[in-house]
Q: 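Got a structure for you, questions after.
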Amino acid sequence: MYIAVVMKILIVTANEGGVEYHRLFSPFRLLTQHDVSITNVLCPENYDLLNDGFDWVVFSRMLCATDEDISAEVLTMIKRSGAKVLVDVDDYWKLHHGHMLEAHWRKMKFQQRTEYALTNADMVWTTHAYLADRVPNANVHIVPNAINPEESQWQPSKVDGLSIGWFGSAAHERDIDTISEPFRYWRKANPTVQVVSTFSDKHKQTFLRIASKLGECDLAPAQDVWNYGNMYDLVSVSIAPLAVNEFNMCKSELKAIEAGFKGKAFMATKVHPYTICCDNTNSVIFRPSTFVKSVDKMKDKAYREYIAAALSERVRKDYDIREVNKLRYQLLTS
């Protein structure tokens, strides 16, 4: 139980995406004894918000995502109001070559904006030690991703038979490329196995290419952040391939956490961050060269149910948001 300390917190968010759901919406909603406000942007037009006397102003990654970089101005106004700045960063701010946002990121100078925010924040939260070591701020703390087991979309579900789901964003096309050839080969030998891929009109062509790289796919419309956990109800196995590069090694083990809470067997590339919580006792960890042999293991119902149960036990023990929020509360009130 938390000690009742009254705090006013302003969350600045674009109000979209799984990252902000897991890092901002879900955890701060549970810190119910705090007065939490949310705004989509902090800029000259709404600086009057800061007159409410916030203790903390919380950002995801950067201090502004406006057309013009006003990071320094935003920081000055927050400091002048008496609030402290908390920046939460869950992946690397230096995109790998070929990332779909690479050109836009460079044009908008988002790397520099994020580095400025991290350097000048009063406190930084991130997901694991590998990424924390890269944060240019001495007051950085590891606050892992976590899930609320009481939320309906994260309740376990069972599906009879083998069905495989990939529920990533359009930015993961290069990661899909690492397994596309062996996966299409495996699909020819296993044509009756259902494969489900995320789809949205926003990145229609990219998702159609990804689906073709996974063989014959059923397209599952991407859900909003308050419902996307329900997509796991469609499959018995969740797959998360990643190319081996510095950007991906800084990502979190979130897909493993999600699969575990939903009671699904999990397959992932042998790369940090999945090796934080996954090994061959609770998941199938593969390299592209061993993918066919690895996915064949999932044909055994008893095996996939065994590793699904093992992963579920692990994540429910270590990634319960109610426990992780105790750390959040301690950091905010220290």
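Hydrogens, waters and symmetry mates play no part in the numbers below; they use all other heavy atoms, side chains included.
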Q: Between S26 (side chain) and H22 (backbone), is there a donor-acceptor pair under 3.5 Å?
A: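 Flag not set: sc S26 to bb H22 has no pair under 3.5 Å.
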Q: Could you list the donor-acceptor pairs under 3.5 angstrom formed between side-chain atoms of residues 301-309 and any protein atom two or more places apart in sequence or on another chain?
A:
| from | atom 1 | to | atom 2 | distance (Å) |
| --- | --- | --- | --- | --- |
| R304 | NH1 | M298 | O | 2.7 |
| R304 | NH2 | G161 | O | 3.3 |

Q: Are side-chain N/O atoms of Y130 and E246 paired as donor and acceptor at under 3.5 Å?
A: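 Result is yes, a qualifying pair exists.
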Q: CD1 of I70 to CG of L63: how many Å apart, nearest 0.5 Å?
A: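 One finds 9.5 Å between CD1 of I70 and CG of L63.
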Q: Name the residue from R23, H128, K251, R61 that meets the side-chain hydrogen bond (donor to acceptor under 3.5 Å, both in side chains) definition with D90.
A: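 Among R23, H128, K251, R61, the one that satisfies the side-chain hydrogen bond (donor to acceptor under 3.5 Å, both in side chains) with D90 is R61.
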Q: Roughly how far apart are C43 SG and D67 CG, rounded to 0.5 Å?
A: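 Answer for the SG-CG pair, C43 versus D67, is 11.0 Å.
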Q: Is there a donor-acceptor contact under 3.5 Å from the side chain of R113 to the main chain of M108?
A: yes
Q: List the atom of A220, the atom of V196, and the distance in Å for their closest heavy-atom pair.
A: CB-CG1, 3.6 Å
Q: Looking at Y92, F110, W93, which one forms a ring-ring contact (aromatic ring centres under 6.0 Å, His included) with W105?
A: F110
Q: Can a salt bridge be assigned to the pair E102 and R106 using a cut-off of 4.0 Å between side-chain N and carboxylate O?
A: yes
Q: Applying side-chain hydrogen bond (donor to acceptor under 3.5 Å, both in side chains), run through Q111 and Y116 and close with a yes or a no.
A: CA-CA 9 Å; Q111 177 180 325; Y116 179 87; over 6 Å; no
Q: Going by heavy atoms in the side chains, are S60 and V89 under 4.5 Å from each other?
A: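 Side chain of S60 against side chain of V89, heavy atoms only: no contact under 4.5 Å found.
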Q: Pair K204, D201 - check salt bridge (charged side-chain N to carboxylate O under 4.0 Å, His left out), show working.
A: CA-CA 5 Å; K204 179 178 180 179; D201 286 327; 5.3 Å; no
Q: If the test is side-chain hydrogen bond (donor to acceptor under 3.5 Å, both in side chains), which one of N145, T127, T126 qualifies with S252?
A: N145
Q: Go through R328 and N325 one step at a time and tell me if the side-chain hydrogen bond (donor to acceptor under 3.5 Å, both in side chains) criterion holds.
A: CA-CA 5 Å; R328 283 188 172 93; N325 262 7; 3.1 Å; yes
Q: Which residue pairs satisfy the ring pair (Phe, Tyr, Trp, His ring centres under 6.0 Å) criterion with at least one member in residues 155-175, sequence neighbours excluded?
A: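 Listed by first then second residue: F167-Y232.
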Q: Among D55, V58, D52, T39, whose side chain to side chain contact (heavy atoms under 4.5 Å, CB included) with L10 holds?
A: T39
Q: Shortest non-hydrogen contact from P241 to I176?
A: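 P241 and I176 have their closest heavy atoms at CG-CD1, 3.9 Å.
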Q: Would you say that E73 contacts P44 through its side chain, given a criterion of any heavy-atom pair below 4.5 Å between the two side chains?
A: yes
Q: Distance-only, no hydrogens or angles: does the S81 side chain make a donor-acceptor pair with backbone N or O of I78 under 3.5 Å?
A: yes
Q: Contact between W56 and L332 at the side-chain level, heavy atoms closer than 4.5 Å - yes or no?
A: yes
Q: Just verifying a value: how many Å separate F286 CZ and Y274 OH, rounded to the nearest 0.5 Å?
A: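 Answer rounded to 0.5 Å: 9.5 Å.
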Q: Does the pair D218 and Q194 meet the rule for a side-chain hydrogen bond (donor to acceptor under 3.5 Å, both in side chains), with working shown?
A: CA-CA 7 Å; D218 292 334; Q194 181 189 31; 2.8 Å; yes
Q: Would you confirm whether E151, through its side chain, and I147, through its main-chain N or O, come within 3.5 Å as a donor-acceptor pair?
A: no
Q: For T13, run the side chain to side chain contact (heavy atoms under 4.5 Å, CB included) check against F25, F28, F59 and tell me which one passes.
A: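 That would be F25.
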Q: Can you find a pair of side-chain heavy atoms, one from S37 and one from I9, that are under 4.5 Å apart?
A: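 A side-chain contact under 4.5 Å is absent here.
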Q: For P221, does its backbone N or O pair with a side-chain atom of Q223 as donor and acceptor, under 3.5 Å?
A: yes
Q: Answer yes when D35 and K8 have at least one side-chain N-carboxylate O distance shorter than 4.0 Å, and no when they do not.
A: yes
Q: May I ask you to decide if V85's main-chain N or O and D122's side chain share a donor-acceptor pair within less than 3.5 Å?
A: yes
Q: At their closest point, which heavy atom of R316 faces which heavy atom of P156, and how far apart are they?
A: NH2-CG, 3.3 Å
Q: Salt bridge check, R209 against E173: does any charged N sit closer than 4.0 Å to a carboxylate O?
A: yes
Q: Can you tell which of I179, I285, I164, V284 makes a side chain to side chain contact (heavy atoms under 4.5 Å, CB included) with M267?
A: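 Only one of I179, I285, I164, V284 forms a side chain to side chain contact (heavy atoms under 4.5 Å, CB included) with M267, namely V284.
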Q: Considering all heavy atoms of both residues, which atom of V315 and which atom of A256 are nearest to each other, and what is their separation?
A: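 The answer is CG1-O, 4.1 Å.
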Q: Sub-3.5 Å donor-acceptor pair from the side chain of H203 to the main-chain atoms of A170, do we have one?
A: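 Side chain of H203 to backbone of A170, a donor-acceptor pair under 3.5 Å: no, none is there.
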Q: CG/L75 to CZ/R80 distance, rounded to the nearest 0.5 angstrom?
A: 11.0 Å
Q: Would the distance check show the side chain of N46 and the main-chain N or O of V41 forming a donor-acceptor pair, the cut-off being under 3.5 Å?
A: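 Looks like yes, one N/O pair under 3.5 Å.
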Q: Between CG of D175 and NZ of K213, what distance do you get to the nearest 0.5 Å?
A: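 NZ of K213 is found 10.5 Å from CG of D175.
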Q: Between S163 (side chain) and S236 (backbone), is there a donor-acceptor pair under 3.5 Å?
A: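 Side chain of S163 to backbone of S236, a donor-acceptor pair under 3.5 Å: yes, one is there.
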Q: Can you tell me how far NZ of K264 sits from CD1 of I239, rounded to the nearest 0.5 angstrom?
A: 15.5 Å
Q: Are any non-hydrogen side-chain atoms of M123 and K84 less than 4.5 angstrom apart?
A: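 They are not in side-chain contact.
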Q: Test your reading of the model: is there a side-chain donor-acceptor pair from N190 to the backbone of R187, 3.5 Å cut-off?
A: no
Q: Evaluate the ring planes of F183 and W186, with Trp represented by its six-membered ring, and classify them as parallel (under 30°), tilted (30 to 60°) or perpendicular (over 60°).
A: parallel
Q: What are the two closest non-hydrogen atoms of V225 and Q153, and how far apart are they?
A: O-NE2, 3.2 Å
Q: Could R314 and D318 be called an ion pair, given the rule that one side-chain N must be under 4.0 Å from one carboxylate O?
A: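 Counted as a salt bridge, because a side-chain N and a carboxylate O are separated by less than 4.0 Å.
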Q: Could you walk me through whether D224 and N227 pass side-chain hydrogen bond (donor to acceptor under 3.5 Å, both in side chains), step by step?
A: CA-CA 6 Å; D224 63 60; N227 296 286; 2.9 Å; yes
